[in-house]
Structures are given as C-alpha cells and as structure tokens.
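A short worksheet on the structure shown next.
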Protein chains: 2
Amino acid sequence: MGKADNPDPNSLLPLSPVVFSILLVLAGSEKHGYAIMKEAALPEGGGVTMGPGTLYGSLDRMMRSGLVEETGFTDNERRRYYRITKFGSEVFSAEAARLARVMNTVRRKALLEGARQ
Amino acid sequence: MGKADNPDPNSLLPLSPVVFSILLVLAGSEKHGYAIMKEAALPEGGGVTMGPGTLYGSLDRMMRSGLVEETGFTDNERRRYYRITKFGSEVFSAEAARLARVMNTVRRKALLEGARQ
DNA sequence: AGCAATATATCACTTACGGATATATCTAGT
DNA sequence: ACTAGATATATCCGTAAGTGATATATTGCT
C-alpha cells in the first residue's frame, strides 16, 4: 500500500488567496500558526490579512485535504508547527503555474490596451 | 456630486479566483454571461470552471459592488452584455499588482529551494 | 501594576460557491 | 421532421469558506 492516494493536484485548483498564501509562507520552512498569519499579511506573503478564525479554520481544512501537516515539534508549549506536505507542494506548484499563465494574459492584454486607438 | 463614491480598490483585495477571472475576460471588451463562462474556463482565462450558479451569482455581487455593469446593448434578445467599470479596472490592476509581487516571492523561494543543501 | 503583543481556540454569522434543475432557442446531423 | 447538443439565462439549495467577536493564557515592556 503506497502511502499516497492523493487526487490529481489540478483537481484542487484554483486555490483561494488564503490557502495559496498559507502554502507560500510554509514553502521552505515550517512555521507555527501565528507566524503564518503575520507573514501572510506582509506584501511578500501575499498581503492577505486574516483573523484567527480564517487561519485555524483553513489549517484544519488543509490538513484534512492533505496539503499541510503538524510537525509535532515544539520549541514552546504554546506553539504548534505546521509544514507543507509533498502533495501540498505539488498543488502549490500547479497553482503557481496557473497564475503564471494568467499573468501572461494580463501582460498581453495590457499591451493591447496601450496599443489601441 | 462626483459620480464615484467608491472605496479604496485595495480594500476589496484579495479577489477570489472567480472574480479575478471574470474581470480578466471582461478586460478589453464587453461580453455576455455565457461567453464569460466559456473564456474563464480556457487556460488564458484562468482555467476557472464555473457553473451557472457561480457565474450569475458572481456577476450580481460584482454589479452591486460596482466592478461591472450591464451595457444595455444586445445583438440577440437572449444575451445580456456586461462590461468592466472604471472602478473595476482599478481593482483589477491592484489585484494584478498584488499577484505580481506574490509571483516574485514564488520565484525567489524556488531559487532558494534549488540552492539549498 | 497594567497594557500590548504573542499564541491558540471556538462560535455564530454571512457570503461565496457548487451542482442540479428548469426553460427556451438555435444548429447540425440523420 | 426528429433529435441531440450547444447556446443562454435563471433560480434554488446545500455546503464550504471566510469574518468578527470572544475567550484564555503567557510574555515583554514601561
């Protein structure tokens, strides 16, 4: 029994801005909830401001769909750390590729915009 | 009395993928509902597949928040045309700029990813 | 001591979205 | 002429997602 019976990453697309930002800030290093919330609010993190309800509700759903998992590690009994899973990385990459295509369309349309008349 | 008492475009961010795709396909030329739905499903339109419930529900909300409006024009009594408003264009640009920053972070993280170890 | 920030949890409310159904017209194939 | 599929919009209901408030406890600052 292979450990992964995950669906096609593309079937979860498009991701909501909240979910994409959480995956983005978790890409590279694991973090605890509050740190995720703070980094997601920064421009580099997507500028996505969310309250605790959105954060922990989203983390729950993301764990249930296999995008992230708790690490078990703790440097402070108040903190719970989360990491992105392999499947989560695949979904994140797929969404990044989708957004890259969208941004190409945006640039192309901006050119036509400037060229008209 | 100026015609626009619209809020700061940034206050509506981030946009959902559905709303962003609808604005994207309307950028440049006005279209009727069904055409929006078909184009949004194409890769260039964002690859966002939506049923009629999502489409017309979203158009309603977007009209109420001033992002789009009906043109009144019709080349076919079955079709209702929509166009993006000036305010809608501002919101769309703001979201495109946000996504561009996000994509910069994605690229930067991808480099670190490849460079690690 | 008191206040703000850190850190998580939870609940109630609203909004957004998905999927199905319905209706009507038009077009293409047989 | 019949039929199937595409076009085009409308509406409804259930679920998922996000918002905002409240709660609790700890830490750090002044």
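Here is how names work: the chains are called A, B, and so on, in the same order as the sequence lines, proteins then strands, and each is numbered from 1.
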Checklist entry - Roughly how far apart are Leu26(B) CG and Ser21(B) OG, rounded to 0.5 Å? => result 10.5 Å

Checklist entry - Quick one: is Arg61(A) getting a side-chain N or O under 4.0 Å of the dA17(D) phosphate, OP1 or OP2? => result yes

Next on the checklist: Taking side chain to side chain donor-acceptor pair (under 3.5 Å) as the definition, give me every residue that meets it alongside Lys31(A), ordered by chain and number, with sequence neighbours left out.
Outcome noted: Ser29(A)

Checklist entry - Contacts to DNA chain D from residues 12-22 of chain A, heavy-atom cutoff under 4.0 Å, which residues? => result Ser16(A), Val18(A)

Checklist outcome for this item: side chain to side chain donor-acceptor pair (under 3.5 Å) filter on Glu90(B), not counting sequence neighbours, yields Lys86(B)

Checklist outcome for this item: Rounded to whole Å, CG of Leu59(A) lies from P of dT10(C) at a distance of 13 Å

Checklist outcome for this item: Hits for salt bridge (charged side-chain N to carboxylate O under 4.0 Å, His left out) against Glu69(A), two or more places apart or cross-chain, chain-then-number order -> Arg83(A)

Between the protein and nucleotides 20-27 of chain D, list the N/O to N/O atom pairs that are separated by less than 3.5 angstrom.
| unit_1 | atom_1 | unit_2 | atom_2 | d |
| --- | --- | --- | --- | --- |
| dT26(D) | O2 | Arg78(A) | NH2 | 3.4 |

Checklist entry - Do any side-chain nitrogens or oxygens of Tyr34(A) fall under 4.0 Å of OP1 or OP2 in dT6(C)? => result yes

Checklist entry - Taking atom P of dT8(C) as reference, at what distance in whole Å does atom CE of Met63(A) sit? => result 11 Å

Checklist entry - By side chain to side chain donor-acceptor pair (under 3.5 Å), which residues pair with Arg101(B), not counting sequence neighbours? => result none

Checklist outcome for this item: Value for CD (Glu39(B)) from CD1 (Ile22(B)), rounded to nearest 0.5 Å, stands at 12.0 Å

Item to check | Within residues 10-31 of chain B or reaching into it, pairs that qualify as ring pair (Phe, Tyr, Trp, His ring centres under 6.0 Å) - sequence neighbours excluded | outcome: Phe20(B)-Phe92(B)

Checklist entry - Which residue pairs pass the salt bridge (charged side-chain N to carboxylate O under 4.0 Å, His left out) test when at least one of the two sits in residues 7-18 of chain A, sequence neighbours left out? => result none

Next on the checklist: Please enumerate all residues that pass side chain to side chain donor-acceptor pair (under 3.5 Å) together with Ser58(B), with sequence neighbours excluded.
Outcome noted: Arg61(B)

Next on the checklist: Whole angstroms only, please: what is the CZ-P distance between Arg79(B) and dT23(C)?
Outcome noted: 23 Å

Checklist entry - For the pair made of OH in Tyr56(B) and C1' in dT9(D), what is the distance, rounded to whole Å? => result 4 Å

Checklist entry - Which residues in residues 37-44 of chain A have at least one heavy atom lying under 4.0 Å from any atom of DNA chain D? => result none

Checklist entry - What residues form a salt bridge (charged side-chain N to carboxylate O under 4.0 Å, His left out) with Glu44(B), not counting sequence neighbours? => result none

Checklist entry - Where the side chain of His32(A) is defined as all heavy atoms beyond and including C-beta, which of dC17(C), dT8(C), dT9(D) is the nearest nucleotide? => result dT8(C)

Checklist entry - Just how far, in rounded Å, is P of dG19(C) from CG of Leu55(B)? => result 15 Å

Item to check | ring pair (Phe, Tyr, Trp, His ring centres under 6.0 Å) partners of residues 24-59 of chain A, not counting sequence neighbours, each pair once | outcome: His32(A)-Tyr81(A)

